[in-house]
**Student:** 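Below is a structure I'd like to ask you about.
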Number of protein chains: 2
Amino acid sequence: MSSTDGPGPELSRRLGYLLKHAQLRMAEQTAKALTPYGIDGRELAVLLVLADREPASQQQAAQRLDIDRTTMVALLDALEGKGLLSRHPHADDRRRNVVELTDAGHDILRRAARASDDAEREFLAPLSPRAAQQLRDSLQTIVTRPGGQSS
Amino acid sequence: MSSTDGPGPELSRRLGYLLKHAQLRMAEQTAKALTPYGIDGRELAVLLVLADREPASQQQAAQRLDIDRTTMVALLDALEGKGLLSRHPHADDRRRNVVELTDAGHDILRRAARASDDAEREFLAPLSPRAAQQLRDSLQTIVTRPGGQSS
DNA sequence: TATTGTTATACTCTATAACTATA
DNA sequence: TATAGTTATAGAGTATAACAATA
């Protein structure tokens, strides 16, 4: 299973290649870690955003996740179907849906987040603690800064 | 344009989130850099693999890129349509297609790779040179090592 | 019978447009 | 008229199955 494996250094040393494959591997490990809890990475992200501060509407939650409001509908449908959250119309503006985690939702979130943390640690295992922290910091810097939008 | 922006620290500090968004940003900048050359990042990857050492078949090239052979067909169709490569049956085994870069293909590859390098540098601009090199090394370590497949 | 390239098909993810109900 | 949620639809991207040519 390894005769013509590698893509060659010209490609495999490129930053785009490294980032893509690192992300793929992290996503795989996270998915595996979350399987026992019946949710995937995107659903965990939704739960995290909802738990952080209860958004006043589905649309607000969608904005924070940078996904379309139509995508959010199916995502919430699935999580509601699993009994992890509930929707009810906002008191002041009945067009909006207030989304709330159920007790089961809070419980799954807590345990799934822990499993996800473990997956992160496993992912970073080949690095020294200092290098791992450096990686985190550098990624955060790059993602946070506007970067290439300047001129 | 920044009232309800961020997803909140619980999500935005997670490694999965950081990797995904870093990758998205890198892909964006690469796409922008490659626009003048009429190819996208995946097509540049194909050209790089083909130029590295000419593969004896489409299938070999597909394996190196870790994509399906059926996906490779459409990819090569596009690049052939742009005049960047040519296909002809292998002399010894006429089931196989030998894929070769044309002169135009080599030329575009050279210039597109340079533009891609520039995009990488711009992407890493918010980091110190040492941190940038560290990031590269750490990603390479993680992608190269088997990582989470052990137990 | 097995393999290479190809085509047809389906499935996932996501975005756009249109519909409803509220405002 | 404008907005929140929803639905229907369509577009990428990719994988599976089936087919033709060749071995």
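Side-chain atoms are counted along with the backbone in the values below, which use heavy atoms only and exclude waters and symmetry mates. Reminder, nothing fancy here: chain letters follow the sequence lines and each chain counts from 1.
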**Student:** Rounded to the nearest Å, what distance is computed from the CG atom of residue A:L75 to the P atom of nucleotide C:dT14?
**Tutor:**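 Taking CG of A:L75 and P of C:dT14, I get 8 Å after rounding.
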**Student:** State, yes or no, whether a side-chain contact exists between A:R53 and A:Q60 at a heavy-atom distance under 4.5 Å.
**Tutor:**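 When only atoms from C-beta onward are counted, A:Q60 and A:R53 do not touch, as no gap falls below 4.5 Å.
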**Student:** For A:R111 and A:Y37, indicate whether the former's side chain and the latter's backbone hold a donor-acceptor pair under 3.5 Å.
**Tutor:**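 No, A:R111 side chain to A:Y37 backbone: no donor-acceptor pair under 3.5 Å.
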**Student:** Tell me the interatomic distance from B:Q59, atom CD, to D:dA23, atom C1', rounded to whole angstroms.
**Tutor:**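 Checked: the CD to C1' distance equals 14 Å.
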**Student:** If I take atom CD1 in residue B:I67 and atom C1' in nucleotide C:dG5, what distance separates them, rounded to the nearest angstrom?
**Tutor:**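 From B:I67 CD1 to C:dG5 C1': 14 Å.
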**Student:** Categorize B:D68 for me: base, sugar-phosphate, or nothing, with a 4.0 angstrom heavy-atom threshold over every strand shown.
**Tutor:**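 Touches a base.
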**Student:** Think A:R95 has a side-chain N or O under 4.0 angstrom from the OP1 or OP2 of D:dT6?
**Tutor:**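 Negative; the distance criterion is not met.
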**Student:** Side chain of B:S57 only, please: which of C:dG5, D:dA4, C:dA15 is the nearest?
**Tutor:**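 My answer, after comparing the listed nucleotides, is C:dG5.
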**Student:** CZ of A:R42 versus P of C:dC13: gap in Å, rounded?
**Tutor:**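 Rounded to whole Å, this separation is 6 Å.
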**Student:** Would you check if B:L19 and A:F123 make a side-chain contact, meaning some heavy-atom pair closer than 4.5 Å?
**Tutor:**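 Yes - at least one pair of side-chain heavy atoms lies under 4.5 Å apart.
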**Student:** Quickly work out the A:M72 CE to C:dC13 P distance and round it to whole Å.
**Tutor:**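 Answer to the nearest Å: 15 Å.
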**Student:** In degrees, rounded to 10°, what is the bend between the two ends of the helix from C:dT1-D:dA23 to C:dA23-D:dT1, using five pairs at each?
**Tutor:**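 Rounded to the nearest 10 degrees, the bend comes out at 20°.
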**Student:** Taking the basic N atoms (NZ, or NE/NH1/NH2) and the acidic carboxylate oxygens, is any pair closer than 4.0 Å for B:E120 and B:R136?
**Tutor:**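 The answer is yes: the pair qualifies as a salt bridge.
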**Student:** For the side chain of A:T71, counting heavy atoms from C-beta on, which of D:dT3, D:dA15, C:dA15 is nearest?
**Tutor:**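 Shortest atom-to-atom distance from the side chain points to C:dA15.
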**Student:** Output yes when at least one side-chain N/O atom of B:Q58 is less than 4.0 Å from OP1 or OP2 of C:dT4, else no.
**Tutor:**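 Checking C:dT4 against B:Q58, no side-chain N or O comes under 4.0 Å of OP1 or OP2.
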**Student:** Is it true that A:V49 and A:V98 fall in one hydrophobic cluster, defined by side-chain heavy atoms closer than 4.5 Å?
**Tutor:**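 A:V49 and A:V98: separate clusters.
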**Student:** For C:dT14, does the base pair up with any side-chain atom of A:T70 as donor and acceptor (N or O, under 3.5 Å, distance only)?
**Tutor:**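 No, no donor-acceptor pair under 3.5 Å.
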**Student:** Any N or O donor-acceptor pair linking the side chain of A:R69 to the base of D:dG5 at under 3.5 Å?
**Tutor:**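 Side chain to base: pair found, below 3.5 Å.
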**Student:** Any base atoms under 4.0 Å from B:N97, or only sugar-phosphate, or nothing? Heavy atoms, all strands.
**Tutor:**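 The residue B:N97 makes sugar-phosphate contact but no base contact.
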**Student:** Is a side-chain donor or acceptor of B:E80 paired with a backbone partner of B:D77 at a separation under 3.5 angstrom?
**Tutor:**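 No, B:E80 side chain to B:D77 backbone: no donor-acceptor pair under 3.5 Å.
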**Student:** Identify whether the distance between the nearest side-chain nitrogen and carboxylate oxygen of A:R114 and A:D117 falls below 4.0 Å.
**Tutor:**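 Salt bridge between A:R114 and A:D117, a charged N being under 4.0 Å from a carboxylate O: no.
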**Student:** Check if the side chain of A:R94 and the base of C:dT22 share a donor-acceptor pair of N or O atoms closer than 3.5 Å.
**Tutor:**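 A donor-acceptor contact between them is absent.
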**Student:** Would you kindly give the CG-to-P distance between B:L76 and C:dT7, to the nearest whole Å?
**Tutor:**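 So the CG-P distance, B:L76 to C:dT7, works out to 12 Å.
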**Student:** In whole angstrom, give the distance that lies between atom NZ of A:K20 and atom C1' of D:dT14.
**Tutor:**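 Distance check: A:K20 NZ to D:dT14 C1' gives 11 Å.
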**Student:** Without swapping roles, check the side chain of B:S57 against the backbone of B:N97 for a donor-acceptor pair under 3.5 Å.
**Tutor:**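 Absent.
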**Student:** With nearest nucleotide decided by heavy atoms, which residue, A:D40 or A:H90, maps closer to the 5′ end of DNA chain C?
**Tutor:**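 The 5'-side residue here is A:D40.
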**Student:** Tell me whether the side-chain N/O atoms of A:R87 come closer than 4.0 Å to OP1 or OP2 in D:dG5.
**Tutor:**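 The answer is no; no side-chain N or O of A:R87 sits under 4.0 Å from OP1 or OP2.
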**Student:** Specify the separation, in whole Å, of atom CD of A:Q23 and atom P of C:dC13.
**Tutor:**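 My rounded result for the distance is 13 Å.
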